[in-house]
Amino acid sequence: MTADRDQDGVQPCADETAPAISLSRINKYFPGPNGERLEVLRDIDLAVPDHAIVGLLGASGAGKSTLLNIIAGIVRPDSGRVCICGAPSEELNDWCAASYMFQDERLLPWRTAQKNVEFALEADSTPKAERARRAREALRLVGLDQFEEAYPYQLSGGMRSRVALARSLVTEPKILLMDEPFSRLDAQTRGLMHRELLRIHGLKRMTVVFVTHDVEEAVLLADEVAVMSPRPGTIREVVKIDPPRPRDPIEPQVAAYIRRLRALI
């Protein structure tokens with residue numbers, strides 16, 4: 001049985017004083033090519049405030065995606081603790097409390113946009129009519145209510161990203177995890193998706209954690225940016241981004257944050 005949801009469709013934390021996500025002393029190793037242990041993450045401590053947008057920023061190989069996968073429960077840490085709303089993640093019994101948007105859309109080519117979004121609800125006992133209704137609402141939320149019957153090959157790259165975002169939102173998650181979801185888009189489309197994400201976040205108030213190596217993207221979207229060092233990944237610094245959104249990268253205060261984060265990387 002899942003927890004009750006608030007009037008905006010977002011599952012509230014049982015402990016309203018707890019961070020949405022708390023990581024404590026997370027360490028992770030992967031096997032190396034010669035049988036050695038490669039240290040990927042070292043002593044990661046991070047608290048993600050409820051309803052915040054937090055970016056994980058760092059160079060390639062810093063362990064950003066691994067850390068996101070640990071938060072999602074896809075990868076287990078070798079040591080350390082992950083808590084969601086103050087409770088250990090292994091005790092989480094709501095399968096739709098968190099949703100994951102991958103770097104590529106991962107749409108099923110033989111399914112329409114509507115059916116691709118419904119797919120996220122098929123693991124649950126959601127009735128067929130309810131799945132269809134919620135998928136239509138999610139597509140409407142991302143501006144694709146006229147494209148329910150379109151197949152992925154009939155959609156532009158930005159539209160496919162919107163379908164993937166709708167699929168991530170249809171479960172009404174408390175937490176949205178995003179692994180460089182807009183990195184394959186051209187600059188203009190990426191800017192449009194940034195605005196869409198901020199609009200939807202304002203409506204739904206979910207907590208968002210996104211991985212990026214794009215400093216400007218991190219500053220434009222995030223309330224806080226956790227800057228990770230090269231492998232083994234550590235949290236070098238958490239930078240709070242103060243200017244109100246929407247942010248223009250050429251504004252002096254915003255540009256100063258961009259320079260500061262580039263220096264940290």
Side-chain angles (χ1 to χ4, degrees), residues 13-15 17-95 97-104 168 173-181 183 206-215 217-218 221-241 260-265:
C13 287
D15 181 356
T17 65
I21 302 166
S22 178
L23 307 177
S24 178
R25 303 297 296 273
I26 298 294
N27 292 277
K28 183 62 185 177
Y29 297 84
F30 284 139
N34 299 313
E36 73 277 22
R37 290 208 312 169
L38 296 178
E39 189 178 17
V40 179
L41 299 172
R42 177 187 294 172
D43 289 340
I44 298 288
D45 291 313
L46 182 66
V48 176
D50 203 13
H51 307 312
I53 302 177
V54 173
L56 299 178
L57 175 68
S60 179
K64 306 182 297 298
S65 294
T66 299
L67 185 58
L68 196 73
N69 289 338
I70 286 173
I71 295 171
I74 298 171
V75 172
R76 293 186 64 86
D78 289 296
S79 61
R81 183 169 179 156
V82 181
C83 289
I84 306 296
C85 294
S89 59
E90 60 269 19
E91 296 178 8
L92 189 67
N93 61 7
D94 185 357
W95 70 274
S99 188
Y100 199 114
M101 186 174 175
F102 294 92
Q103 189 172 25
D104 52 1
S168 299
K174 162 70 185 167
I175 295 166
L176 177 60
L177 306 174
M178 312 178 82
D179 189 1
E180 298 195 65
S183 62
M206 68 282 193
T207 302
V208 178
V209 181
F210 70 98
V211 163
T212 185
H213 63 269
D214 185 325
V215 174
E217 179 174 67
L221 292 180
D223 298 298
E224 298 180 0
V225 179
V227 181
M228 296 184 66
S229 66
R231 187 174 63 84
T234 62
I235 301 296
R236 182 168 282 170
E237 188 174 339
V238 177
V239 178
K240 183 176 173 61
I241 311 297
R260 178 180 174 186
L261 291 180
R262 282 179 177 154
L264 284 172
I265 293 175

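Please read these numbers as outputs of a predicted model, since none were measured by experiment. Residue indices begin at 1 and follow the sequence shown.
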Test log, rule side chain to side chain contact (heavy atoms under 4.5 Å, CB included), inputs Ile235 and Met228: CA-CA 5 Å; Ile235 301 296; Met228 296 184 66; 3.9 Å; yes
Could you walk me through whether Ile44 and Arg25 pass the side chain to side chain contact (heavy atoms under 4.5 Å, CB included) test, one step at a time? CA-CA 5 Å; Ile44 298 288; Arg25 303 297 296 273; over 6 Å; no
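To the nearest 0.5 Å, atoms CD1 (Ile241) and CZ (Arg260) are separated by 7.5 Å. Interatomic distance, Lys28 NZ to Arg37 CZ, rounded to the nearest 0.5 Å: 9.5 Å. Leu221 CG to Met178 CE: the interatomic distance, rounded to the nearest 0.5 Å, is 8.5 Å. To the nearest 0.5 Å, the span separating CG on Leu67 from CG on Leu23 amounts to 5.5 Å. Atoms CG and CG, on Leu68 and Asp179 in that order, are 5.5 Å from each other to the nearest 0.5 Å.
With Leu57 as reference, Ile265 is the one residue of Ile265, Asp214, Val211 to meet the side-chain contact (heavy atoms from CB on, under 4.5 Å) rule.
Nearest heavy atom pair, residue Gly63 against residue Leu41, reads O-CD2, 3.6 Å. The two residues Pro77 and Ile70 have their closest heavy-atom pair at CD-CG2, 4.0 Å. Contact between Ser229 and Pro232 at its shortest, heavy atoms only, is OG-O, 3.4 Å. The two residues Pro230 and Arg236 come nearest to each other via the heavy atoms CD-NH2, 3.7 Å. In terms of heavy-atom proximity, Phe30 sits nearest to Thr66 at CE1-OG1, 3.7 Å. A pairwise comparison of heavy atoms in Ala72 and Leu177 identifies CB-CD1, 3.6 Å as the closest pair.
Residues His213 and Ser60 have side chains not in contact (no heavy-atom distance under 4.5 Å, counting atoms from C-beta outward). Considering only heavy atoms from C-beta on, Asp223 stays 4.5 Å or farther from His51 through its side chain. A 4.5 Å side-chain heavy-atom check between Asn69 and Tyr100 finds at least one atom pair inside the cut-off. Taking the side chain as every heavy atom from C-beta outward, Ser99 and Leu176 approach each other to under 4.5 Å. Looking at heavy atoms from C-beta onward, Pro49 lies in side-chain contact with Val54 at the 4.5 angstrom threshold. No side-chain heavy atom of Val225 sits less than 4.5 Å from a side-chain heavy atom of Leu264.
By the side-chain hydrogen bond (donor to acceptor under 3.5 Å, both in side chains) test, Asn27 pairs with Asp43, Ser79, sequence neighbours left out.
Remark: side-chain polar atoms of Lys64 are not paired, donor with acceptor, to backbone N or O of Val227 under 3.5 angstrom.
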